[in-house]
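Please read the structure below before turning to the comments.
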Amino acid sequence: MKAKKIRLYYGIFLSVFTAALGAAFIAVAIGILRDGNWVQGAYSRDIVAERLFPVSIVFYIWIAAIIAGFVLSLVYPYQDKAVKIPQERATVKRLSARIPEGSGEEYDKNLKLVRDENRNRLIVYCVCAAICFAGAIASAVYLLQPNNFASHDKNASMLNMLINVGPWVLVAFAASVAMVVFEKFSYNREIAALKQLIANYKGNPVIAAEKPQNAVWLKIKAFFGNKYFKLGVRIAVGVVALTFILVGVFDTEGARDVFIKAVNICTECIGLG
C-alpha cells in the first residue's frame with residue numbers, strides 16, 4: 001500500500017512538472033516569434049539557444065526526475081491487480097448456448113428481444129460500412145483527379161483537399177464511434193434478456209441458440225475467413241502503399257517541395273542551422 005501511494009504521488013508530481021515544462025517551451029516559442037515580428041530568421045540558432053537556455057536547466061531536472069521514477073519503481077515495486085475487461089460478444093455467445101425451452105408472454109418477449117438485437121446490430125454494421133465505403137469512394141474520386149492539384153500554391157491545394165475529403169473522414173469516424181456505442185448498448189440489452197431467460201426457466205431442456213445457417217452464407221464466411229485470403233489482402237495493401245511511396249520518390253517536383261518544407265521547418269521554426 002505504501003508503494004502504491006508513493007508512486008501515485010510521484011505520478012502526480014511528474015504530470016504537473018511535464019505540463020509546466022511544456023507550457024514554458026510554448027511561452028518561449030511565442031516570445032521569440034513576438035519579438036521577431038513574424039519576420040524570416042526570427043527563429044535563428046543563436047536566438048533560440050539564448051532563449052531556451054533557462055528552460056534547458058528545467059528540462060535536465062525533468063530528465064533526472066524520470067530517471068528517479070525508474071529507480072523508484074525498482075525500490076518500491078507495485079503490481080496493479082489485473083482488471084477484467086468485459087467481453088460482451090463472448091458473453092452473448094456463451095449465454096446463447098444455454099437458452100432453455102419455455103413458453104408464455106414474458107418468454108416470447110425476451111426471446112424476441114434477443115433476435116431483434118441481433119438484427120439491429122447487423123443493420124448498424126451494414127449502415128456504418130456503407131457510410132465508410134461511400135466516403136472512401138468520394139475521397140478517392142477527388143484525390144485521383146490531377147486537376148485538383150494543378151495549382152502551384154501547395155497550401156491552397158492542401159486546404160481544398162481538406163475541405164473536400166475532411167468531412168467524409170469525420171462522418172466515417174462519427175459513424176464508427178456511434179456503431180461501437182450502439183453495439184455495447186445492444187449487447188448489454190441482449191445479455192440482460194438472456195440472463196432472465198436462463199434464470200426464469202432454469203432446468204428446462206436447452207434449445208438451439210442459432211438457426212442452421214445458409215450454405216451460401218457459410219461459404220462466404222469461410223472465403224473471407226480463409227488465411228490465404230487475409231494474406232492476399234495484406235500483400236495487396238502493401239503493394240499499393242509501396243507503389244505510392246515510389247511514385248512520391250520519383251516525382252522530382254513533389255520530392256523537392258517536401259524537402260524545401262523540411263528545410264524551412266528546421267531553419268525557421270525549430271532553429272537548427
Side-chain angles (χ1 to χ4, degrees), residues 1 3-5 7-8 11-12 15 78-139 166-231 233-234 237:
M1 197 65 179
K4 182 179 181 180
K5 286 186 176 180
R7 295 181 66 170
L8 174 63
I12 295 174
S15 299
Y78 176 78
Q79 186 175 3
D80 289 326
K81 294 181 179 179
V83 179
K84 292 184 178 180
I85 302 175
Q87 301 288 340
E88 290 86 0
R89 187 190 299 269
T91 303
V92 167
K93 185 176 181 180
R94 176 172 53 83
L95 294 177
S96 297
R98 298 166 51 194
I99 297 178
E101 293 181 353
S103 60
E105 183 178 350
E106 185 179 1
Y107 180 87
D108 294 337
K109 179 181 177 182
N110 286 324
L111 198 60
K112 182 177 182 300
L113 190 147
V114 170
R115 292 169 179 168
D116 288 347
E117 291 303 329
N118 276 277
R119 181 200 61 201
N120 293 339
R121 285 197 301 272
L122 180 60
I123 293 174
V124 170
Y125 294 155
C126 293
V127 171
C128 182
I131 291 174
C132 293
F133 183 73
I137 294 298
S139 301
W168 289 108
V169 176
L170 292 177
V171 169
F173 178 76
S176 300
V177 172
M179 180 195 70
V180 172
V181 173
F182 176 81
E183 182 185 50
K184 186 175 183 64
F185 172 77
S186 175
Y187 272 129
N188 288 333
R189 279 173 54 88
E190 186 174 352
I191 289 172
L194 288 169
K195 287 183 176 179
Q196 190 170 0
L197 282 172
I198 295 172
N200 293 344
Y201 300 91
K202 187 176 182 181
N204 291 2
V206 176
I207 64 174
E210 298 180 355
K211 295 181 180 180
Q213 295 183 343
N214 184 276
V216 176
W217 175 244
L218 289 175
K219 290 181 180 179
I220 294 175
K221 287 180 65 176
F223 174 76
F224 285 104
N226 188 281
K227 63 178 182 179
Y228 295 109
F229 173 78
K230 295 179 180 179
L231 178 62
V233 171
R234 295 190 183 102
V237 172

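- Counted within 6.0 Å of CD on E105, heavy atoms from surrounding residues, nucleotides or ligands total 12 or fewer; the atom is thus considered open.
- A heavy-atom distance below 4.5 Å is not found between the side chains of V233 and K230.
- Distance check: C126 SG to I131 CD1 gives 11.5 Å after rounding to the nearest 0.5 Å.
- Looking at heavy atoms from C-beta onward, W168 lies out of side-chain contact with I137 at the 4.5 angstrom threshold.
- Residues meeting the side chain to side chain contact (heavy atoms under 4.5 Å, CB included) test with D108, sequence neighbours left out: none.
- The two residues V114 and A193 come nearest to each other via the heavy atoms CG2-CB, 4.0 Å.
- Using a 4.5 Å heavy-atom cutoff, the side chains of N188 and K184 are in contact.
- Around the CZ atom of F133, the shell of radius 6.0 Å holds no more than 12 heavy atoms that belong to other residues, nucleotides or ligands.
- Within a 6.0 Å sphere centred on OH of Y125, heavy atoms belonging to other residues, nucleotides or ligands number more than 12.
- Atoms CG and CD, on L197 and E106 in that order, are 8.0 Å from each other to the nearest 0.5 Å.
- Taken from CG in N200 to CD in Q196, the straight-line distance is 5.0 Å, to the nearest 0.5 Å.
- A distance of 8.5 Å separates CD1 in I191 from CZ in R94, rounded to the nearest 0.5 Å.
- Atom NZ in K195 sits 13.5 Å away from atom CG in N110 (nearest 0.5 Å).
- Between E88 and E183 there is no side-chain heavy-atom pair separated by less than 4.5 Å.
- Taking OG from S186 and CG from L122, the interatomic distance works out to 11.0 Å, rounded to the nearest 0.5 Å.
- V127 places a side-chain heavy atom less than 4.5 Å from the side chain of I123.
- At a threshold of 4.5 Å between non-hydrogen side-chain atoms, the residues R121 and F182 count as touching.
- Contact annotation: the side chain of N118 never approaches that of V92 to less than 4.5 Å [non-hydrogen atoms, C-beta and beyond].
- Atom CZ of R234 sits in a sparse spot, with 12 or fewer heavy atoms from other residues, nucleotides or ligands closer than 6.0 Å.
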